[in-house]
Each structure stands twice: as structure tokens, then as C-alpha cells.
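Heads up: the structure comes next, in C-alpha cells.
Since we're looking at a predicted model, the values are computed, not measured.
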Amino acid sequence: MKYAIGIDLGATTAKTGIITDTGKIVDYNLIASNTTDNEYLFVSTLTETITTILNKNNIDRGSIVGIGVGIPKGNFFGGTVEYAQNLTWGRDKVIPFANLLSRSTGIKCLLTNDANAAALGEMQFGVARGMSNFIEITLGTGVGAGVVVDGRLIYGANGMAGELGHCTVRPPDGKSRICTCGRRDCLETYCSATGVAFSGRLQALNTHSQTTLKHYKPEDITAKIVYEEALKGDSVSREIYREAGRLLGEAFAEFAVIFSPEAIVIFGGMAKAKDLFLPSLIDSFGQNFTEAYRLVPKILFSSLPEADAAILGAGSLVLI
């Protein structure tokens, strides 16, 4: 049997899995991805992790066809990670990551954007199986996207197409937010876990706001805290998620007009809060998408466990 290594490398963790050629995850483990600003040190740690998981499962390196990596700002064409502001070791530079990892492990390595990897996993093993046209939206630390048209991922001229999280939206409060990419009012500044946490901090500091978020130090507020307070009934926290849903709905309507997908699939940690943002997303999408474009895409949630889709998708880079 042949195996692949699939790595879902995000802003906080790197999930490394062994995958069979039938799409089964044999085993996987997690390491922190943001403990160093030195890419060589991180690659060395990742190599040790791969060695450990192979030895644990008694799998010889010779049966590994390759390593596939899904990573923020990953460029499939060059095997590079380019100005990945959410990675401590990837900021403000271009890193030949696939080459570094291949040389360190002695195994062929391909990489792509993390959201593209999630889309590949969804297309082969999830709710998008059988679809030729869909968009995978990843709601996590940032907002990523993998766009599949006519059965193929869109990479564009420079390998970086599909950065839908960096499309701009109208600031709901009229106050502009600066994104990590350097632009203002990107979708992810409001609708990612980072954006929700920032909205929560602003409300905690707002002297006119009546919210239980004031029970926390502003710098300690996370999207998880906003979510928990919303579940307890805090109206301000609930409104933060409603607003995120409204902005996602507007953006989804724009994406649908441009790409004409069969479905838009939502994936990632923020999807756990879907009961809080989905109603306003659906309402906003309906208000902004005209049926003149005929095909109304379905809004779906990934059927794969969060860890699995990106690992399977990354691994499929070297299995297909």
C-alpha cells in the first residue's frame, strides 16, 4: 500500500497525518506552528514530527509517495510561502517551503494554499463530492477560500488566485479596520475568529455598550469567549455574530455572481457558531443575490471533521 503525508499548517497548529491511497487517515498529530520566527527551525521540528509518526506506525519512508502541505499564502506553482502574516516565521518574506521540507525529509513535497487543500479534501471525500463548481470558505484565524471551476482549482497567473477573504466589505460601524495584508476592511477583519475577537474587544471598551464582555480584560477576549457569552444570552455578543453573518451573506452573493458555483461550503473552527451567524447570512445572501443569475447556490457546511478535510486535501496533492 502507498501512503502520503498530509499537513494542514495553520496559524496556530500544524496537523500532520498519514493517509492511504484510499483516503483513510491512519494517524495524525499536532504541533504548534507559531513558536519561532525561524523557518529553518520550524522545518526541522516538522521533520522530527514526520519521523516520529512514521516510526510510531511502522511505516517505511519508501512507501511514502510524497508530502502535501496546505498552508496560508502557499503558492502551488513555486512551492513557496509568500508573506504569510499569520505565521510568525513567514511574515514579510518568500520562503521556498516545499524545497526546504523536501530536502530535510528526503521526500517529495508539494504545497498549496490551506483553503485550496480543504477544497480538494471536500471535493474528494466531503459534501462537494461529485461537484465540478463550488467554493470552499474557511472560517478560522482568517478567512480563506478554495475556488473550484469545471472540476479544477483556480490558481491564476501567479498561483495566488482565490483570496476571497481579502475582498473588501463596507464597515458596519463606519470605522475602517486594517487587515494583516495591509488593505482596509477585508472580509476577514470582521468574519474570522480574529475579527470576531476584535469586535468583542471594541464592545468591551465601549462605555455605552451593555455587555457581559466587560467582565473580561479586553486583551483576553477571543472569538470563543464571544461565542460563549452569546450562548449565555448576551445581546451584544449575539449581534457580533449576526453582523459577521450579514457581511458573509453580502460577500457570498458577490462570489456567486462571479463564479456561478453549485454550492458554497463553509469549513473551519468558526463553523461551530453557525447557529449564531447562519440566519443572518442566509437573509443577507437572499437580499443581495438576484435570481436573474438563475442558479442559486446552496449554502452548505463541510461534512468532514475539521482536522480531516485539509489533511486529506493536502495529501491528495501527491496522491492524484
Is a side-chain donor-acceptor pair under 3.5 Å present for [Y] with [X]?
| X | Y | value |
| --- | --- | --- |
| N288 | E254 | no |
| D234 | T211 | yes |
| S176 | D185 | yes |
| N206 | S209 | no |
| N116 | E136 | no |

[X] and [Y] ion-paired at < 4.0 Å:
| X | Y | result |
| --- | --- | --- |
| K93 | E39 | yes |
| R246 | E250 | yes |
| E229 | R238 | no |

May I ask you to check whether over 12 heavy atoms, not counting those of K224, lie within 6.0 Å of atom NZ?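 No.
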Would the F285 and F289 ring centres measure less than 6.0 Å apart?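 Between F285 and F289, the centre distance is under 6.0 Å.
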Under 3.5 Å, side chain of T35 to main-chain N/O of A32, donor-acceptor pair present?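 It does not hold such a pair.
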Is it the case that one hydrophobic cluster holds both L202 and V226, taking links as side-chain heavy atoms less than 4.5 Å apart, direct or via other members?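 In one cluster: no.
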